[in-house]
Number of protein chains: 6
Amino acid sequence: MRHSGRTPSQTRQVTLTRNFTAHAEGSVLVEFGNTKVLCTASVVEGAPRWLKGKGQGWVTAEYGMLPRATHTRNDREAARGKQSGRTMEIQRLIARSLRAAVDLTQLGDVTITVDCDVIQADGGTRTAAITGGCVALYDALSWMLAKKMVKANPFKQWVAALSVGMVAGNAVCDLDYVEDSSAETDMNVVMTEDGRMIEVQGTAEAEPFSRQDLNAMLELAENGIRDLFDAQRAALV
Amino acid sequence: MRHSGRTPSQTRQVTLTRNFTAHAEGSVLVEFGNTKVLCTASVVEGAPRWLKGKGQGWVTAEYGMLPRATHTRNDREAARGKQSGRTMEIQRLIARSLRAAVDLTQLGDVTITVDCDVIQADGGTRTAAITGGCVALYDALSWMLAKKMVKANPFKQWVAALSVGMVAGNAVCDLDYVEDSSAETDMNVVMTEDGRMIEVQGTAEAEPFSRQDLNAMLELAENGIRDLFDAQRAALV
Amino acid sequence: MRHSGRTPSQTRQVTLTRNFTAHAEGSVLVEFGNTKVLCTASVVEGAPRWLKGKGQGWVTAEYGMLPRATHTRNDREAARGKQSGRTMEIQRLIARSLRAAVDLTQLGDVTITVDCDVIQADGGTRTAAITGGCVALYDALSWMLAKKMVKANPFKQWVAALSVGMVAGNAVCDLDYVEDSSAETDMNVVMTEDGRMIEVQGTAEAEPFSRQDLNAMLELAENGIRDLFDAQRAALV
Amino acid sequence: MRHSGRTPSQTRQVTLTRNFTAHAEGSVLVEFGNTKVLCTASVVEGAPRWLKGKGQGWVTAEYGMLPRATHTRNDREAARGKQSGRTMEIQRLIARSLRAAVDLTQLGDVTITVDCDVIQADGGTRTAAITGGCVALYDALSWMLAKKMVKANPFKQWVAALSVGMVAGNAVCDLDYVEDSSAETDMNVVMTEDGRMIEVQGTAEAEPFSRQDLNAMLELAENGIRDLFDAQRAALV
Amino acid sequence: MRHSGRTPSQTRQVTLTRNFTAHAEGSVLVEFGNTKVLCTASVVEGAPRWLKGKGQGWVTAEYGMLPRATHTRNDREAARGKQSGRTMEIQRLIARSLRAAVDLTQLGDVTITVDCDVIQADGGTRTAAITGGCVALYDALSWMLAKKMVKANPFKQWVAALSVGMVAGNAVCDLDYVEDSSAETDMNVVMTEDGRMIEVQGTAEAEPFSRQDLNAMLELAENGIRDLFDAQRAALV
Amino acid sequence: MRHSGRTPSQTRQVTLTRNFTAHAEGSVLVEFGNTKVLCTASVVEGAPRWLKGKGQGWVTAEYGMLPRATHTRNDREAARGKQSGRTMEIQRLIARSLRAAVDLTQLGDVTITVDCDVIQADGGTRTAAITGGCVALYDALSWMLAKKMVKANPFKQWVAALSVGMVAGNAVCDLDYVEDSSAETDMNVVMTEDGRMIEVQGTAEAEPFSRQDLNAMLELAENGIRDLFDAQRAALV
């Protein structure tokens, strides 16, 4: 039994609130239970310099946590003068994942930046960010289509992500902070709608994991992420 | 006539939502119309080093803007590696203002940090931050009292702030982004409940202002801030 | 009675020494009593990037304090690797103030940087910097005229600044370090020759100030700044 | 057929040269074909501050690449003033992996830093660093035992790592630079001697990967890493 | 013939103005012709951490140039966020040189920082800084003696410095900016009163120099520095 | 007698291993006894911006030390976020020295960067870097000639460097770490094949040095460097 009463395969309540803020081309508040992340997608003319002349656009991402999104206050990265290794690792993961949702060659000379800022943290901020960021990205692409910046929508497929892990010897999905803190293994899985994987990142925090554990976790991830795709599609209606 | 239909002395709709996030000792979402700022107050043991042995606590503040809180995306300060002069100026103003609300000598060996993060910007973010931050601070002090970290509540008085300015030759209060961009003079006023001032910062952007202009603006500020005090008191009920 | 024997409305001895150093287009040592600031105005071809195509020039300012300009040594900002919030706040104030002295649309594709470096500090360094910096700016503009870089001198009007404050319950002007350290309120006022204001920045350090206090301080500022205009004009002869 | 003539399951020649440099407590040059990484393990008294009083030591790692370890010169990170996100990601991975080799509670009040500096890069630098770093770590622990800094050797088990990937639709192991550049999926696997996993990090660069692909890659990793354990054990003789 | 009319062995007019500013324990404006450097010596309790327990004090130095000390404006190092390699090189040279003037074992648990800020540059700023800084250091040590912080004056000997060089094939001393810009070789020599050397730094800018050239330059340096010692001693009267 | 058994004029064993790594246009491992420095020369199209239009190329250098090249581990400069003053001083010296080996006007629109990374340190790393870096530079220039990027080899002459010093009252050459730590004077001399000097940098660490000492040290340097030229020429065969 999980401390929250959830079954091993049960995700938390997922909410996707579009147009959460007014200015961005796409703006989504994503909630995985008590984890709340604001994802905005900003369309800016001009691809990065190293892409010049290649006839394609770019999607990138940045990640941040408000200082008191967590149980105890963390130093503000802007004040410390640099982003932590953890922040960099996460924003690189988000960006790679979201690029799989878009046909960059159809994007034109444009950079879309998806900012994922954690308002409140309770485990799974990066998977929430990918899942919500993909909806913000979709909205930004639709905006571009409406503005005739692209001829067809360069959106290829939904991308969503879920954390899974081994807690007290059992595979469970969508770990909250309490579970995350005590997990033997923590794994983040990013998938596409056809059931294939974009990223798998599993880390044994306390105890190595076996192939059998890995398979159990992937099973949970695959099922849970299917629900996330439903939530993404439902959010558009 | 103002573009929003407001009269010169009319503030925007002010909303103060307490306990907006779960972890901070005080957490308030303040809205001045479309300007939305999340203010969290965090209580941490230990005063700054330079106060050691003086038998008093400290209140400080930090300010940030989510990259897409504004019409066009701004670089993330954490990624650029430093806070802008504007950010520093604002967070110093907020901190000085909030310290006027507290009897620091009764606070004990404690630092309270009020983080003000702008979710959506439409003018007046710093005055909203002070007004909302004071409520978050109040909640944090009440939390300390409940935890018996202080014998009596060291809260002294409400502090609130409003922007005023000269727009097209007329004094108006609580400028939104459109007015702010075209104002001849922009002034921020911070007051205490007894009608005295903590800070007055007036800047002629385009045209110097006369003593008469200054008086007209201060009149508007005084009246408007009285309403903010009402909102702060009402939020506690 | 003030500790220096000055009356409340009496400024310190003001000295403006032009051509203090050899290389800058304008170079002025300004002294307000024991406060000494070297102000140099440097003319450089090319306006900032964000002004390109707008057919106007720019005036900016930087401020610094030699490490031992003060009673105890401060860390060198270049060695620490960043400018303090106080430094940024001051140099932004100086720059905004000096821009009011110039018709930027007549300046051409040029940036003038006014560097204000405090050699010795005894209160009022920012107001001295504005007052002396305006003379250095005047000289730089005259140099441009002599070089035929402009058709007419784009100088519009003198800008000068004075600190005022409430000390032991009385309004006084041009506070030195001793007064500044014990003032209840500290206010900096920047004015133009026609008696209007560019900037008013009042801060209650210890005790909020009333409208009556504010008026008393502004009165002192207006009178004192009139003398500064005389000093600026006299320096040109 | 692979461009190098290797079979899909064939790793490159692995060499582990102990005592490569003179000063470090452990110093190993690891070569995976043309990839050469110098790994030094340094024992320093004192655990990190946040571990104080917990009665355990710490193992950390840093990673760097000489500017011309690669085909074209990269900027020196020390000169740019910050480590890239890629560097941070890699050194965090190395550190987590190596901690699995040690019983930290038996290490005493000590920090061991494993520096992994890439002398020449040809794909797989992070997996080589983990494999070689583990030998350097072993030597440092033996040195501690000889110095009687620990009562028993806190080494728990060998940890080694291998890259695998999908190249032109086929699973292959130990990718060199040419393969890495064109791989559809790139995965790094870190294992312990008992065949369990410490880390699995798979990234679809071009095309999502299926469960079947994942299994094929893991199979190759498991077999290849068994050979690395042999090489580690042989190096000690 | 030198462009200034000086003979090869003729230094520029040297002026040492003590007590140039009010706050520092030693404060000297040194002028070598048109080169003007303000040197302040600040006494602070506490030796650097790495000297703790060794029963000795420390002398260090920092160097800076006001942005418009030179013909064209240089970026302010505090604004750029780091000191240049040139600045670091110079301040390390000044510090090493000045330490030769003091018996550090008699200094007590104290750090003296000599700040050398160039007000106006015309070649030879580092040699002027050493020569003037030594007088400021002397004054600071006398201040310590008067305050009974030391039992006897730990000053050992005068240290002074002069630039020499090969210009158009001839050895000359005390190069100004014009000569410095066209010199084949530029050399800085730091000496003690007994005619021995603390530092010799010769750099061939355009053409290597022979032993004969070196000897000619050293001859000039030795003679010129003797005059600097006279100026230092005369400044104390 | 020196602790190593060497005579005062005896250098350590010098080894120059060309093509030590695969990618750089020139790559040399230089060993002066136990000091080992990897020098790579990288040819990149384009001269620095400030040379544009002057029709010449540029040679620059960067220097680094692996964290555990030394007896105790030093912080990694990339992690600390800045290069030390010592590093900057050394890399500036290396770059100036190597530029004397090349006719920059014949180099074309090219920058050659010589990276000198210390693998193991035992005194004399900067002189080893210059000596080995010159061979790497030679190889890079030969590569350019083979690629027809230049019409003739712009190499002018060999440049080599040696440390000399006063140890226990005697002049000795090529100091190792033990001697360097106890030397009264430490001097680095950079020469060209015709026996003239590029750089002379002598520093009295403990005791000033006389002209006689200087001459003794230069004598040793001149002789020792002649052997280094032999080693450089021999390495090409």
Side-chain angles (χ1 to χ4, degrees), chain E residues 60-63 80-97 99-101 104 156-159 164 166 184-215 217-219 221-222 225, chain F residues 60-63 80-97 99-101 104 156-159 164 166 184-215 217-219 221-222 225:
Chain E
T60 185
E62 294 193 359
Y63 172 93
R80 278 198 305 137
K82 65 173 178 174
Q83 294 177 297
S84 70
R86 179 187 173 275
T87 291
M88 289 212 183
E89 204 171 297
I90 292 175
Q91 67 191 11
R92 284 159 56 89
L93 169 66
I94 297 171
R96 283 196 310 266
S97 299
R99 279 194 288 274
L104 297 172
K156 290 199 306 190
Q157 60 194 335
W158 288 107
V159 168
V164 287
M166 300 302 297
E184 294 95 49
T185 294
D186 178 25
M187 185 154 86
N188 293 290
V189 182
V190 187
M191 297 184 86
T192 53
E193 285 179 282
D194 62 4
R196 289 188 295 162
M197 287 164 271
I198 302 287
E199 290 268 348
V200 172
Q201 295 197 346
T203 300
E205 303 286 352
E207 187 68 17
F209 52 97
S210 64
R211 280 291 289 282
Q212 193 177 337
D213 294 340
L214 179 66
N215 285 331
M217 290 188 285
L218 287 172
E219 215 67 55
E222 196 172 331
I225 291 176
Chain F
T60 186
E62 294 194 358
Y63 172 93
R80 278 198 305 137
K82 65 173 177 175
Q83 295 177 296
S84 70
R86 179 186 173 277
T87 292
M88 289 212 185
E89 205 171 297
I90 292 175
Q91 68 191 13
R92 284 158 57 88
L93 169 66
I94 297 171
R96 283 196 309 267
S97 299
R99 279 194 288 275
L104 298 172
K156 289 199 307 190
Q157 60 195 332
W158 287 107
V159 168
V164 287
M166 300 301 297
E184 295 96 50
T185 294
D186 177 25
M187 186 154 85
N188 293 291
V189 181
V190 187
M191 297 185 86
T192 53
E193 286 179 280
D194 61 5
R196 289 189 295 162
M197 287 164 272
I198 300 286
E199 289 269 348
V200 173
Q201 294 198 347
T203 299
E205 302 287 352
E207 187 69 17
F209 51 99
S210 64
R211 282 290 290 282
Q212 194 175 336
D213 294 340
L214 179 65
N215 286 332
M217 291 187 285
L218 288 172
E219 216 68 54
E222 198 172 330
I225 291 175

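Each chain gets a letter, A, B and so on, in the order its sequence line appears, and its residues count up from 1.
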Quiz item: Measuring heavy-atom distances to chain F, does E:S84 have an atom under 4.5 Å in its side chain, in its backbone, in both, or in neither?
Solution: backbone
Quiz item: If you count heavy-atom pairs under 4.5 Å between each of E:G202, E:G195, E:A204 and chain F, which one has the most?
Solution: E:G202
Practice problem: Looking only at non-hydrogen atoms, find the nearest pair between F:R196 and E:P208 and report the distance. | Solution: NH1-O, 3.2 Å
Practice problem: Check whether E:R99 gets within reach of chain F through its side chain, its backbone, both or neither, counting any heavy atom under 4.5 Å. | Solution: neither
Quiz item: To the nearest 0.5 Å, how far apart are CG in E:D186 and CZ in E:F209?
Solution: 10.0 Å
Exercise. Return the option, out of F:E199, F:Q201, F:Q83, F:Q212, with the maximum number of heavy-atom pairs under 4.5 Å with chain E.
Key: F:E199
Exercise. Heavy atoms only: give me the nearest E:V159-E:S97 pair and the separation to one decimal.
Key: CG1-O, 3.7 Å
Quiz item: Which atoms of E:T192 come close to chain F, meaning under 4.5 Å heavy atom to heavy atom: side chain ones, backbone ones, both, or neither?
Solution: side chain
Quiz item: After noting the C-alpha distance and the side-chain angles of E:V189 and E:M217, does the key distance pass the side chain to side chain contact (heavy atoms under 4.5 Å, CB included) rule?
Solution: CA-CA 9 Å; E:V189 182; E:M217 290 188 285; over 6 Å; no
Quiz item: Any residues in residues 85-93 of chain E near chain F, with a heavy-atom distance under 4.5 Å, and which are they?
Solution: E:G85, E:R86, E:M88, E:E89, E:R92
Practice problem: Would you check if F:D213 and F:T185 make a side-chain contact, meaning some heavy-atom pair closer than 4.5 Å? | Solution: no
Exercise. Could you look at F:E219 and say if it's the side chain, the backbone, both or neither that has a heavy atom under 4.5 Å from chain E?
Key: both
Quiz prompt | F:D194 versus chain E, the contacting section by heavy-atom distance below 4.5 Å | solution = neither
Quiz item: In terms of heavy-atom pairs under 4.5 Å with chain E, which of F:R96, F:R211, F:K82 leads?
Solution: F:R211
Quiz prompt | chain F contacts, top residue of E:T203, E:N188, E:V190, E:L214 (heavy-atom pairs, under 4.5 Å) | solution = E:T203
Exercise. Could you grab the distance from atom NZ of F:K156 to atom CG of F:L104, nearest 0.5 Å is fine?
Key: 7.5 Å
Practice problem: Please tell me if the side chains of E:M197 and E:L218 come closer than 4.5 Å, counting only heavy atoms from C-beta onward. | Solution: yes
Quiz prompt | For F:I198 against F:A100, the heavy-atom pair lying closest together | solution = CD1-CB, 3.2 Å
